[in-house]
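These notes concern the structure reproduced below.
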Amino acid sequence: MTFSEQIISIIKRIPRGKVATYGQIAALAGNPRGARAVIWLLHSSSGKEKLPWHRVINGKGQISLKPGQGYEEQRVMLESEGVEFDLYGRVDMERYRWKP
DNA sequence: AACCTGACTTCGG
DNA sequence: TCCGAAGCCAGGT
């Protein structure tokens with residue numbers, strides 16, 4: 001299994017209504033420092049691999065996409081799964097973080 | 001092989 | 001708790 005394949009399979013395991021951080025995924029794939037590599041993968045494979053990319057957010061518990069660049073879409077996707085956002089667009093990690 | 005990019009993370013002030 | 005700087009990874013050019 002290559003690092004990239006690990007990332008793909010891991011993201012596919014994230015259950016509905018839960019979210020994971022880039023760093024968390026990288027760590028599960030065996031590379032605690034590979035958060036940025038995860039980003040690259042989402043860019044290259046989110047379309048063809050049918051990944052639940054919307055369940056991946058940053059460590060602060062918020063969506064990293066900019067409004068008009070996919071932010072709204074991701075937020076709607078998550079809310080439709082039951083994930084709630086506060087006034088600052090952050091989610092309660094203690095409650096929604098995916099714990100494998 | 002060097003350099004750049006990207007939806008990050010961590011640490012110090 | 002918030003902001004900026006520095007560090008890190010994989011793939012493409």
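Below, chains carry the letters A, B, ... as their sequence lines are ordered, and counting in each starts from 1.
When the P atom of B:dG6 is taken as reference, atom CD1 of A:Ile63 falls 20 Å away, rounded to whole Å. Between the NE2 atom of A:His43 and the C1' atom of B:dC4 there is a distance of 14 Å, given to the nearest Å. To the nearest angstrom, P of C:dC8 lies 20 Å from CG of A:Asn58. For the pair A:Glu73 CD and B:dA7 P, the computed distance is 14 Å after rounding to whole Å.
The separation of B:dA7 from C:dT13, taken at their C1' atoms, amounts to 22 Å, rounded to a whole angstrom.
A:Phe3 and A:Ala37 get closest at one heavy-atom pair: CE2-CB, 3.6 Å. Listed here is the closest heavy atom pair of A:Ala20 and A:Ile14: CB-CD1, 3.9 Å. Listed here is the closest heavy atom pair of A:Gln74 and A:Ile57: NE2-CG2, 3.9 Å.
Contact annotation for A:Tyr71: no contact, since no heavy-atom pair falls under 4.0 Å across all strands. Within the 4.0 angstrom heavy-atom criterion, no nucleotide atom of any strand lies near A:Ser44.
Taking 4.0 angstrom as the limit, A:Ser4 places none of its side-chain polar atoms (N or O) nearer than this to OP1 or OP2 of C:dA10.
A:Lys12 places no side-chain N or O within donor-acceptor distance of the main-chain N or O of A:Ile7, the cut-off being under 3.5 Å.
Of the residues in residues 16-42 of chain A, those lying under 4.0 Å from DNA chain B by heavy-atom distance are A:Thr21, A:Tyr22, A:Gly23, A:Ala35, A:Arg36, A:Ile39, A:Trp40, A:Leu42.
In this structure, A:Ile11 and A:Glu49 have side chains that are not in contact, with every pair of non-hydrogen atoms separated by 4.5 Å or more.
With respect to A:Glu79, the side chain to side chain contact (heavy atoms under 4.5 Å, CB included) criterion is satisfied by exactly one of A:Arg75, A:Glu81, A:Met77: A:Arg75.
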